[in-house]
Amino acid sequence: MAIHLTKESKVLVQGMTGGEGMKHTRRMLAAGTDVVGGVNPRKAGRSVAFDERAVPVFGSVAEGMDATGADVTVVFVPPAFAKAAVTEAADAGIGLSVVITEGIPVHDSVAFLAHARRRGTRVIGPNCPGLITPGQSNAGIIPADIAKPGRIGLVSKSGTLTYQLMYELRDTGFSTCVGIGGDPVVGTTHIDCLAAFQDDPDTDLIVLIGEIGGDAEERAAAYIRDNVTKPVVGYIAGFTAPEGRTMGHAGAIVSGSSGTARAKREALEAAGVRVGHTPTETAQQVLAVLNDGR
């Protein structure tokens with residue numbers, strides 16, 4: 001099994017005919033993803049050739065869903081059009097919308113995330129690398145060749161650290177890896193993924209990657225303490241970050257002691273989570289837990 005994305009998922013790509021959409025659609029297809037169509041109202045009725053496969057372009061998400069049975073969309077549209085794209089997908093009834101676009105105004109994200117929630121659409125992102133179930137499907141920009149199928153579930157704010165932990169643990173393998181994005185407001189949270197991995201019989205251990213800023217990791221720690229019985233290993237990026245300064249992601253800002261890496265590590269450790277001080281040490285902690293059988 002996996003969470004949110006399987007080999008049965010049928011994927012539409014909003015913005016497939018743009019430069020980034022073309023590049024990553026090709027990579028998703030190479031990873032085995034069932035990309036069933038693109039969406040571009042100005043190019044509806046055409047098809048785009050990707051090696052041996054021609055992918056049709058539809059005028060709307062609803063049209064693409066009706067024609068293909070798609071249940072996932074990946075959004076590669078510019079920031080100014082992201083709100084309309086996600087809203088359109090939610091109104092069409094898509095089950096999962098993976099929003100890769102970065103630089104979306106926060107007020108737009110708040111609006112389309114609330115709308116998607118009302119319509120029953122799960123959003124991953126915005127400003128995220130997407131998610132991958134190795135050997136089954138890849139929705140987004142995560143490199144598919146750095147991990148194999150396995151029994152580790154990974155949820156991360158950081159795209160780069162998602163890739164690094166996948167590479168560090170490439171010989172062990174993953175059930176699903178989810179990059180939730182580092183913006184101040186995101187659709188799917190650490191807690192959402194923790195709950196899904198807890199219920200997934202093919203996930204034996206969970207890796208949680210956080211970073212400075214906000215209180216998402218502290219809330220995740222409380223959830224782990226009360227609800228998660230599987231072992232969790234964590235890593236927090238930003239131990240050397242100066243206070244009061246935004247670092248990388250828009251959500252990574254520290255004020256006083258709130259949102260610091262130390263506070264997050266302490267909260268996670270108090271919930272029974274092993275926390276590594278570097279990505280490599282975190283991977284070693286994962287292997288130690290798996291080898292100990294606990």
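The model shown is predicted, which means the values in this text are computed figures rather than measured ones. Heavy atoms only: backbone and side chains are in, while hydrogens, waters and symmetry mates are out.
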Check your understanding: Any side-chain heavy-atom pair from Asn127 and Thr101 closer than 4.5 angstrom?
Key -> no

Exercise for review: State, yes or no, whether a side-chain contact exists between Thr172 and Leu287 at a heavy-atom distance under 4.5 Å.
Suggested key: yes

Practice item. First locate atom CG of Leu154, then atom CD1 of Ile3, and finally report the distance between them rounded to the nearest 0.5 Å. Key: 9.5 Å

**Study point:** Partners passing ring pair (Phe, Tyr, Trp, His ring centres under 6.0 Å) against His24 (at least two apart in sequence or in another chain)
**Key:** Phe76

Show me the side-chain donor-acceptor pairs of residues 80-97 shorter than 3.5 Å, one per line, residues at least two apart or across chains.
from	atom 1	to	atom 2	distance (Å)
Thr87	OG1	Lys83	O	2.8
Glu88	OE2	Val61	N	2.7
Asp91	OD1	His115	NE2	2.6

Revision key, fill the gap. Distance col, row Gln285:CD vs Tyr235:OH, nearest 0.5 angstrom, shows 13.0 Å

Point to revise | Test salt bridge (charged side-chain N to carboxylate O under 4.0 Å, His left out) applied to Asp171 - qualifying residues, sequence neighbours left out | key: none

Point to revise | Ion pair check, Arg26 and Asp51, cut-off under 4.0 Å | key: yes

Point to revise | Donor + acceptor pair across side chains of Arg219, His190 (<3.5 Å) | key: no

Exercise for review: Give every residue pair that meets the salt bridge (charged side-chain N to carboxylate O under 4.0 Å, His left out) criterion with at least one member in residues 28-37, sequence neighbours excluded.
Suggested key: Lys10-Asp34, Asp34-Arg53

Please list, one pair per line, the donor and acceptor atoms closer than 3.5 Å that link side chains of residues 136-146 to other protein atoms, with sequence neighbours excluded.
from	atom 1	to	atom 2	distance (Å)
Gln136	OE1	Lys7	N	3.0
Asn138	ND2	Ile142	O	2.9

Exercise for review: Determine, for Glu211 against Lys264, whether the closest basic-nitrogen to carboxylate-oxygen distance falls under 4.0 angstrom.
Suggested key: no

Point to revise | With Arg170 via salt bridge (charged side-chain N to carboxylate O under 4.0 Å, His left out) - residues at least two apart | key: none

For residues 223-234, tabulate all N or O donor-acceptor pairs below 3.5 Å that involve a side-chain atom, not counting sequence neighbours.
from	atom 1	to	atom 2	distance (Å)
Asn227	ND2	Tyr223	O	3.1
Thr229	OG1	Gln198	NE2	2.8
Lys230	NZ	Phe197	O	2.8
Lys230	NZ	Gln198	O	3.3
Lys230	NZ	Asp200	O	2.5
Lys230	NZ	Thr203	O	2.6

Check your understanding: Considering residues at least two apart in sequence or located in another chain, which fulfil the salt bridge (charged side-chain N to carboxylate O under 4.0 Å, His left out) criterion with Arg46?
Key -> none

Review point. Side chains of Met28 and Val13: does their closest heavy-atom pair fall under 4.5 Å?
Key: yes

Check your understanding: Excluding sequence neighbours, so at least two apart, what forms side-chain hydrogen bond (donor to acceptor under 3.5 Å, both in side chains) with Thr33?
Key -> none

Check your understanding: Below 4.5 Å, heavy atoms only, C-beta onward: do Val185 and Leu113 meet side chain to side chain?
Key -> yes

**Study point:** With Thr282 via side-chain hydrogen bond (donor to acceptor under 3.5 Å, both in side chains) - residues at least two apart
**Key:** none

Exercise for review: Please identify each residue that fulfils salt bridge (charged side-chain N to carboxylate O under 4.0 Å, His left out) with Lys23, with sequence neighbours left out.
Suggested key: Glu20

Practice item. Could you list all the side-chain hydrogen bond (donor to acceptor under 3.5 Å, both in side chains) pairs where at least one residue sits in residues 58-75, not counting sequence neighbours? Key: Gln14-Thr73

